Amino acid sequence: MGGIMNRDFIVIGNWKMHKTAREAADYVERLSPLVQGTRSRVFLSVPYTSIAEAASAAKSSAIVVGAQNMNEAREGAFTGEVSAIMLKEAGARFVLLGHSERRYLFDESDEVIHRKMIRALQDDLLPVLCIGETAEQRAKGKTEEVLQDQLMKALEGVSDRDLGRLMIAYEPVWAIGSGNASTPQLTQESHSFCRKWIEKFFGKQVSQTIPLLYGGSVKALNVKEIATQKDVDGVLVGEASLDPEAFSAIIQNCEGI
Ligand code: PGA
């Protein structure tokens with residue numbers, strides 16, 4: 001088991017732009033019996049239009065449904081955008097913020113991610129902050145600098161109380177969707193760096209309780225070696241979460257670690 005003692009392992013599925021509302025409900029109905037009684041905490045990050053159906057299908061299970069993005073404002077003239085309070089009412093309990101696809105395909109800056117983080121906390125949606133370096137940044141030896149910068153900018157001004165209500169996902173951009181996860185050793189190195197950075201700025205208590213997840217080509221075959229790293233408290237799974245059987249195999253493989 002990862003770094004947080006006496007806490008259950010966290011497994012988040014990120015569907016990205018996959019599954020209609022009907023497909024989402026069907027998926028949750030198939031996943032629920034497969035993960036019944038699991039010790040892991042199971043989260044699904046689904047498209048906006050599937051939140052209500054997925055949350056309703058998940059009602060009698062322990063599966064927690066959330067969103068993949070939100071707008072930083074509470075409400076206003078922002079055509080096409082969706083706010084935290086709308087997501088909450090639809091049934092979302094958490095939201096991914098700063099996923100690398102948002103950062104690089106949709107030009108989201110650290111400042112925007114920070115404002116979204118503050119808004120999510122204010123409106124009682126649990127943020128999952130995603131950070132991670134590109135292949136180029138790693139090749140230039142800048143991994144720690146990038147992680148530190150992304151953490152600092154996103155978490156600036158967040159109170160100690162709120163730091164207890166968020167998760168951090170380390171997702172090296174070069175591992176996402178590549179089929180090849182980072183090595184357990186490199187993952188542990190980055191997680192350990194993040195935990196030490198958090199301890200330095202926010203204290204030991206926060207650093208020991210904040211969940212640090214790994215994401216990037218996690219599958220049933222490699223999850224055990226990732227999950228057993230000291231500072232890994234959970235995983236964020238993209239492609240391998242799209243099929244309920246494949247996703248539940250990942251969850252089963254984390255049992256009893
Ligand atoms: P992947 O995606 O598991 O398909 O690499 C992970 C993510 O982008 O969160």
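Order of appearance sets the numbers: ligands from 1, and atoms from 1 within every ligand. Counting from 1, the numbers follow the sequence of the chain as shown. Everything quoted here is computed from the prediction, not taken from an experiment.
Below 4.0 Å from some heavy atom of Gly216 lie the following atoms of ligand 1, by number and element: 5 (O). Interface atoms of ligand 1 facing Leu236, defined by a heavy-atom separation under 4.0 Å, are 9 (O).
In this structure, the side chains of Lys153 and Ile113 stay at 4.5 Å or more apart for every pair of heavy atoms. Counting only heavy atoms from C-beta outward, the side chains of Tyr214 and Pro172 approach each other to under 4.5 Å.
In terms of protein heavy atoms, atom 3 (O) of ligand 1 is closest to Gly238 N, 2.8 Å. Closest to atom 9 (O) of ligand 1, if we only count protein heavy atoms, is Glu171 OE2, 2.7 Å. Of the protein's heavy atoms, Glu239 N, 2.9 Å lies nearest to atom 4 (O) of ligand 1.
Between His99 and ligand 1, an N or O atom pair is found at a separation short of 3.5 Å. Annotation: Gly215 places no N or O atom under 3.5 Å from an N or O atom of ligand 1; distance criterion only.
At least one heavy atom of Gly177 sits closer than 4.0 Å to an atom of ligand 1. Residue contacts with ligand 1 include Lys16, since one of its heavy atoms falls under 4.0 Å from the ligand. In this structure, Ser217 counts as a contact residue of ligand 1, since one of its heavy atoms falls inside 4.0 Å of the ligand.
Side-chain contact, Gln188 with Asp231: a donor N or O sits under 3.5 Å from an acceptor N or O. Side chain to side chain, Ser61 and Gln36 fail the donor-acceptor criterion of an N or O pair below 3.5 Å.
A donor-acceptor pair under 3.5 Å links the side-chain atoms of Gln68 to the main chain of Lys16, judged by distance alone. In this structure, Ser217 contributes its side chain and Ala175 its backbone to a donor-acceptor pair below 3.5 Å. Ser32 places no side-chain N or O within donor-acceptor distance of the main-chain N or O of Glu29, the cut-off being under 3.5 Å.
Taking CD1 of Ile168 as the reference point, atom NE2 of His191 lies at 10.0 Å (rounded to 0.5 Å).
Only the side chain of Asn14 comes within 4.0 Å of ligand 1, judged by heavy-atom distances.
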